[in-house]
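Structure first, then comments.
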Amino acid sequence: VQLQASGGGLAQAGGSLRLSCAASASTFRSYSVGWFRQAPGKEREFVAAVDWNGGSTRYADSVKGRFTISRDNAKNTVYLQMNSLKPEDTAVYYCAITQAFGILRQHEVDYWGQGTLVTVSS
């Protein structure tokens, strides 16, 4: 399965961006999908996850109430709506698929997408 992340860019603090993660195969539909991010000089960290049918979601405390993860299995796509952006949200964002679900850890990921850069200016 190949994952293509898009939607990154430059936003002002308080603004919004929506990231997309498109999968190459319908087998995607049986996986949970997560978003991770890696800021310069920092470890990659979990951001959000959605289960295989979109019925359950999980968020890191740092983004709870500001970010929303959703999926459209008909389009093999997962979205991350990011509102009330802060400069500390600046990072490369990666989507990933996994058979696990919850506050995901990197070793639980089966496939990674390439990253998309989000830059939030103050």
Side-chain angles (χ1 to χ4, degrees):
V1 178
Q2 292 185 324
L3 304 173
Q4 181 75 35
S6 62
L10 177 64
Q12 291 189 331
S16 298
L17 284 173
R18 188 176 81 156
L19 305 184
S20 298
C21 176
S24 62
S26 61
T27 51
F28 159 88
R29 299 170 188 175
S30 63
Y31 286 88
S32 300
V33 179
W35 286 96
F36 291 76
R37 67 186 181 186
Q38 187 166 18
K42 294 189 176 181
E43 297 282 324
R44 190 173 299 188
E45 64 177 3
F46 168 80
V47 175
V50 60
D51 71 351
W52 70 276
N53 69 350
S56 296
T57 56
R58 294 291 187 273
Y59 297 94
D61 287 343
S62 59
V63 306
K64 204 171 292 184
R66 300 187 298 121
F67 291 10
T68 302
I69 189 171
S70 62
R71 69 189 297 163
D72 184 342
N73 281 345
K75 297 181 179 179
N76 290 347
T77 302
V78 169
Y79 305 98
L80 185 68
Q81 178 66 43
M82 306 187 296
N83 298 330
S84 302
L85 283 163
K86 303 176 181 179
E88 51 263 44
D89 294 319
T90 295
V92 176
Y93 283 71
Y94 299 88
C95 61
I97 60 174
T98 171
Q99 296 284 9
F101 179 66
I103 305 299
L104 300 175
R105 292 165 289 182
Q106 292 188 59
H107 73 268
E108 295 176 312
V109 170
D110 294 302
Y111 298 95
W112 290 97
Q114 95 295 352
T116 185
L117 176 63
V118 170
T119 303
V120 183
S121 62
S122 57

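Just so it is clear, the model here is predicted, and its values are computed rather than measured. Just the heavy atoms: all of them, side chains too, but no hydrogens, waters or symmetry mates, feed the values below.
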For this session: Decide yes or no for Phe67 and Leu85: does some side-chain heavy atom of the first lie under 4.5 Å from some side-chain heavy atom of the second?
Result: yes
Seminar exercise, completed: Rounded to the nearest 0.5 Å, the CH2 atom of Trp35 sits from the CG atom of Leu19 at a distance of 4.5 Å
For this session: Kindly check if the number of other-residue, nucleotide or ligand heavy atoms within 6.0 Å of CD (Gln114) is above 12?
Result: yes
For this session: Mind running side chain to side chain contact (heavy atoms under 4.5 Å, CB included) on Ile69 and Tyr59 for me, showing each step along the way?
Result: CA-CA 9 Å; Ile69 189 171; Tyr59 297 94; 3.5 Å; yes
For this session: Give a yes or no on whether the backbone of Ala100 and the side-chain of Ser32 come within a donor-acceptor separation of less than 3.5 Å.
Result: yes
Exercise. Is there any disulfide bond (SG atoms under 2.5 Å apart) pair reaching into residues 29-122, and which pairs are they, with sequence neighbours excluded?
Worked result: Cys21-Cys95
Under 3.5 Å, which donor-acceptor pairs link side chains of residues 44-56 to any protein atom two or more places apart or in another chain?
residue, atom, partner, partner atom, Å
Glu45, OE2, Arg37, NE, 2.7
Glu45, OE2, Arg37, NH2, 3.2
Asp51, OD1, Gly54, N, 2.9
Asp51, OD1, Gly55, N, 2.8
Asp51, OD1, Ser56, N, 3.1
Asp51, OD2, Ser56, N, 3.4
Asn53, OD1, Gly55, N, 2.9

Problem set entry | Within-4.5 Å side-chain heavy-atom neighbours: Val109 and Leu104 | no
Seminar exercise, completed: When every non-hydrogen atom of Ala91 is compared with those of Leu117, the smallest separation belongs to O-CD1, 3.6 Å
Exercise. At their closest point, which heavy atom of Ser122 faces which heavy atom of Ala13, and how far apart are they?
Worked result: CA-CB, 4.2 Å
Exercise. Are Asp89 and Lys86 within salt-bridge range, i.e. N to O under 4.0 Å?
Worked result: no
Problem set entry | Minimum side-chain heavy-atom gap Trp112-Gln106 below 4.5 Å | yes
Problem set entry | Mutual orientation of the aromatic rings belonging to Tyr111 and Tyr31 [parallel < 30°, tilted 30-60°, perpendicular > 60°] | perpendicular
Exercise. At their closest point, which heavy atom of Glu108 faces which heavy atom of Ile103, and how far apart are they?
Worked result: OE1-O, 4.3 Å
Problem set entry | Shortest non-hydrogen separation from Val1 to Ala25 and the atoms involved | CG2-CB, 4.3 Å
Exercise. Applying the 4.5 Å side-chain criterion to the ILVMFWY set and letting contacts propagate, would Ile97 and Val78 be lumped into a single cluster?
Worked result: yes
Exercise. So, for Ala96 and Leu3, which heavy atoms are closest and what is the spacing to 0.1 Å?
Worked result: CA-CD1, 3.9 Å
Exercise. So, does Thr119 use its side chain to make a donor-acceptor pair with the main chain of Thr90 at under 3.5 Å?
Worked result: no
Problem set entry | Cluster overlap Val63 with Val33, hydrophobic side-chain contacts below 4.5 Å | yes
For this session: Would you confirm whether Asn76, through its side chain, and Phe28, through its main-chain N or O, come within 3.5 Å as a donor-acceptor pair?
Result: no
Exercise. Linking I/L/V/M/F/W/Y whenever any side-chain heavy atoms sit under 4.5 Å apart, do Tyr94 and Val118 land together?
Worked result: no
Exercise. In this structure, are over 12 heavy atoms from other groups packed under 6.0 Å from Gln2 atom CD?
Worked result: no
Exercise. Can you name the nearest heavy-atom pair linking Thr77 to Ser20, along with the distance?
Worked result: CG2-CB, 4.3 Å
